[in-house]
Amino acid sequence: MVNRLKKAFWKNKPLSEFAENEWEQICCNCGLCCLVKVQDEDSDEVYYTRVICRLFDTKTRLCKEYKNRCILVPECLKVTPKNIDKLDWMPKKCAYRILNETGDLPEWHPLKNKQTNIPELPQNLVADNLIDEDNLEDYIIEDESF
């Protein structure tokens, strides 16, 4: 039982005490946070689009330039234990968000389940560098499950 508790590090300490490698293990590489979002100026509501960061590789589900992502894409925001509770636009299916809100990881998470079922990306994605930013509204996803 001691080994299992040690493995479940996310349950045994506050997010602020996570080592960097522990924090990185929480990300399940779903890529939902890499979708470009549009915020309604009147209601502040956030909408997800089928536009994804040009650095995200949809086959590997990894950032092609992870270490330099915030330099290469200035609007990229590094999610940390210090800012996760302020990022209410993070996808509802995000493991970081779920852990922050519930204190535990979802059952489908790779740290809990070898047969993972990580959230799917929307179909027909377009890289952000291939569209005109003024046309983002044309790519809004109607599905509100993000």
If I take atom NZ from residue K78 and atom CG from residue N83, how far apart are they, to the nearest 0.5 angstrom? 10.0 Å
Output, in order, the C-alpha distance, side-chain angles, deciding distance and verdict of side chain to side chain contact (heavy atoms under 4.5 Å, CB included) for L99 and L15. CA-CA 9 Å; L99 178 60; L15 299 182; 3.5 Å; yes
Are there over 12 heavy-atom neighbours, none belonging to K64, within less than 6.0 Å of that residue's NZ? yes
Examine distances only and state if a side-chain atom of D40 and a backbone atom of S43 form a donor-acceptor pair shorter than 3.5 Å. yes
Side-chain heavy atoms of E22 within contact of E17, under 4.5 Å: no
Check the hydrophobic clustering (I, L, V, M, F, W, Y; side-chain heavy atoms under 4.5 Å; chains of links allowed) and say if L35 and I140 are grouped together. no
List the atom of E107, the atom of N113, and the distance in Å for their closest heavy-atom pair. O-CB, 3.1 Å
Which atoms form the tightest heavy-atom contact between V73 and C53, and what is the distance? CG2-SG, 4.0 Å
Just verifying a value: how many Å separate F56 CZ and C30 SG, rounded to the nearest 0.5 Å? 7.5 Å
Evaluate whether atom CD of Q123 has more than 12 neighbouring non-hydrogen atoms of other residues, nucleotides or ligands under 6.0 angstrom away. no
Start with the C-alpha gap between E101 and Y96, add the side-chain angles, then the distance that decides, and say whether side chain to side chain donor-acceptor pair (under 3.5 Å) holds. CA-CA 9 Å; E101 291 176 354; Y96 287 126; over 6 Å; no
May I ask whether V38 and V51 are part of the same hydrophobic cluster, defined by side-chain heavy atoms of I, L, V, M, F, W, Y residues being less than 4.5 angstrom apart, directly or through others? yes
Taking atom types as modelled, is there a side-chain donor on Y47 or E142 under 3.5 Å from an acceptor on the other? no
Applying side chain to side chain contact (heavy atoms under 4.5 Å, CB included), run through Y139 and L125 and close with a yes or a no. CA-CA 9 Å; Y139 295 87; L125 293 172; over 6 Å; no
Under a 4.5 Å cut-off applied to non-hydrogen side-chain atoms, are E45 and Q39 in contact? no
Locate the shortest heavy-atom distance separating R69 from C63; write the atom from each residue and the value. CB-SG, 4.0 Å
Minimal non-hydrogen separation, C28 against P110, with atom names: CB-CD, 3.9 Å
Euclidean distance, D104 CG relative to T102 OG1, rounded to 0.5 Å: 5.5 Å
Cluster question for you: counting only ILVMFWY and a side-chain heavy-atom cut-off of under 4.5 Å, with indirect links fine, are L77 and V79 together? yes
About how many Å separate OG1 of T80 and CD of E20, when rounded to the nearest 0.5 Å? 10.5 Å
N135 side chain vs D138 backbone, donor-acceptor pair below 3.5 Å: no
N100 CG to K86 NZ distance, which is reported to the nearest 0.5 Å: 9.5 Å
I would like to know whether R61 and L121 meet side chain to side chain contact (heavy atoms under 4.5 Å, CB included); could you show each step before the answer? CA-CA 10 Å; R61 297 187 98 156; L121 286 167; 3.6 Å; yes
Checking side chain to side chain contact (heavy atoms under 4.5 Å, CB included) for the pair L105/I98: CA distance, chi angles, key distance, verdict? CA-CA 6 Å; L105 293 172; I98 294 169; over 6 Å; no
Indicate the atoms forming the closest heavy-atom contact of K112 with W10, along with that distance. CG-CZ2, 3.6 Å
Using only atom types and a distance under 3.5 Å, with no angle test, would you say the side chain of R97 pairs donor to acceptor with the backbone of I84? no
Connected via hydrophobic side-chain network under 4.5 Å: L136 and I141: no
With the side chain counted from C-beta on, respond yes when T49 and V126 share a heavy-atom pair under 4.5 Å apart, and no when they do not. no
Cluster link M90 to W108, ILVMFWY, side chain under 4.5 Å: no
W89 side, atom CH2; C33 side, atom SG - distance, nearest 0.5 Å: 6.5 Å
Does R54 form a salt bridge (charged side-chain N to carboxylate O under 4.0 Å, His left out) with D128? I'd like the steps, not just the answer. CA-CA 6 Å; R54 62 192 162 277; D128 63 352; 2.9 Å; yes
Nearest atoms (heavy-atom pairs only) where A95 meets H109: CB-CD2, 3.5 Å
